[in-house]
2 protein chains.
Amino acid sequence: MFTIAEAARRAACPQSTIRYYERAGVLPPARRGDNGYRYFEADDIERLAFVNRARELGFSIASVRDLLRLADHPQQPCEAVDTLLDEQVRSVRQRIAKLQALETRLAHLQRACDGEHPVHECGILAALSDTDAA
Amino acid sequence: MFTIAEAARRAACPQSTIRYYERAGVLPPARRGDNGYRYFEADDIERLAFVNRARELGFSIASVRDLLRLADHPQQPCEAVDTLLDEQVRSVRQRIAKLQALETRLAHLQRACDGEHPVHECGILAALSDTDAA
DNA sequence: CGTGGACCTTAAAGTTGCTTTAAAGTCAAC
DNA sequence: GTTGACTTTAAAGCAACTTTAAGGTCCACG
Ligand SMILES: [Zn+2]
Ligand SMILES: [Zn+2]
Ligand SMILES: [Zn+2]
Ligand SMILES: [Zn+2]
């Protein structure tokens with residue numbers, strides 16, 4: 001029997017996030033005391049930890065819901081799990097590729113400025129202003 | 001004298017984005033006709049293009065405002081420009097590093113599943129469920 | 001008993017950068 | 001004069017939370 005403060009401490013996440021997860025349907029409605037307070041058991045905290053781990057891995061709330069549903073039905077084939085993970089990997093690789101392209105362009109831009117001069121001579125702003133810039 | 005549709009076509013961005021930029025204070029309030037319609041000149045479209053380029057480079061709306069303010073004061077030293085760019089590069093590199101760490105963890109996780117089996121034997125979900133997982 | 005401080009509750013708004021929708025006015029052509 | 005393509009605004013929606021405001025609850029100390 002933990003209060004939300006204890007649960008938050010154990011899961012190392014803000015209380016507001018726990019409430020949000022409940023609202024978002026990724027955690028089931030918590031048991032309540034007569035005072036209306038939420039109370040958590042070890043199970044609940046493990047489930048919360050599962051959510052936190054999945055979120056750290058970048059899964060969306062919707063995907064986390066799917067993963068939990070799968071974890072709750074152990075007899076099903078794991079194909080859906082693999083698919084979710086594969087999609088996540090592809091998404092992360094895509095984001096990396098985009099950011100790397102961005103980094104290249106930004107680094108290129110950095111070399112357009114050699115330091116001491118007024119803005120109107122700055123190659124950086126010139127590149128941003130120029131319609132024909134690479 | 002272009003309508004918003006023409007401006008959007010020339011800048012290759014949705015009309016709604018142009019209105020949003022105006023609202024967000026990154027573009028000045030557009031001139032209006034007697035009918036209330038916005039009208040744009042070549043200057044305005046160049047400014048819009050500047051914004052679009054900066055946004056493509058990942059600069060926040062706030063940074064774009066700063067960059068425009070600098071571009072409007074050509075006598076100032078370009079130091080502030082360099083700083084904004086340097087920060088942007090650092091931010092992009094940080095995001096790449098985080099995503100690469102994520103990719104590694106996800107790829108690792110992929111190897112925990114060899115395909116055909118029920119969910120309760122799946123190493124992926126085991127790793128997500130296990131409090132002591134790497 | 002009572003009061004102060006630490007806890008808990010909710011609904012609602014703020015964040016970022018837009019897009020989408022709804023309701024309504026304008027314009028040009030036929 | 002009516003159709004259809006344009007324009008306007010305010011407001012809501014998206015993702016995943018965080019923050020705020022206003023208000024109950026609990027407990028220990030005096
Ligand atoms: Zn320079
Ligand atoms: Zn410079
Ligand atoms: Zn497997
Ligand atoms: Zn599997």
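When reading the values below, keep in mind they use all heavy atoms of this one structure, side chains included, and skip hydrogens, waters and symmetry mates.
- The interatomic distance linking B:Glu22 (CD) with C:dC18 (C1') rounds to 15 Å, in whole Å.
- For the pair B:Met1 CE and D:dC6 C1', the interatomic distance rounds to 17 Å; values are reported in whole Å.
- Between A:Leu57 and A:Gln88 the shortest heavy-atom distance is O-NE2, 3.0 Å.
- Projected onto DNA chain C by closest heavy-atom contact, B:Pro14 and A:Arg19 fall at different nucleotides, the more 5' of which corresponds to A:Arg19.
- To the nearest angstrom, P of D:dT8 lies 7 Å from CD of B:Gln15.
- Rounded to an integer number of Å, the gap from B:Arg23 CZ to C:dT16 P is 15 Å.
- Judged by the 6.0 Å and 45° rule, B:Arg10 forms a cation-pi pair with B:Phe2.
- For A:Gln110, the CD atom is densely surrounded, since the number of other residues' heavy atoms within 6.0 Å is greater than 12.
- Rounded to whole Å, atom P of D:dT7 lies 10 Å from atom CZ of B:Arg38.
- By the rule that hydrophobic residues join a cluster once side-chain heavy atoms approach within less than 4.5 Å of another member, B:Tyr37 and B:Leu48 end up as members of separate clusters.
- Between A:Arg55 and D:dC17, a side-chain N or O to OP1/OP2 separation shorter than 4.0 Å is present.
- Between B:Ala30 and B:Tyr39, the shortest heavy-atom contact is CB-O, 4.4 Å.
- We find that CD1 of A:Ile18 is positioned 13 Å from P of C:dT10, with the value rounded to whole Å.
- When the side-chain nitrogen and oxygen atoms of A:Thr3 are compared with OP1 and OP2 of C:dC8, one or more of them lie within a distance under 4.0 Å.
- Distances shorter than 4.0 Å separate some side-chain N or O of B:Asn35 from OP1 or OP2 on C:dC27.
- Distances from the side chain of A:Tyr37 to the nucleotides C:dC7, C:dG17, D:dT8 place C:dC7 closest.
- In terms of polar N and O atoms assigned as donor or acceptor, the side chain of B:Tyr21 never comes within less than 3.5 Å of the base of C:dG17 in a complementary pairing.
- Going from atom OH of B:Tyr20 over to atom C1' of D:dA11 covers 15 Å, rounded to whole Å.
- To the nearest angstrom, P of C:dT9 lies 14 Å from CG of A:Asp34.
- Checking A:Ser16 against B:Arg32, the closest nucleotide of DNA chain D that is more toward the 5' end is the one next to B:Arg32.
- Note on A:Ala24: nothing from the nucleic acid sits closer than 4.0 angstrom, heavy atoms only.
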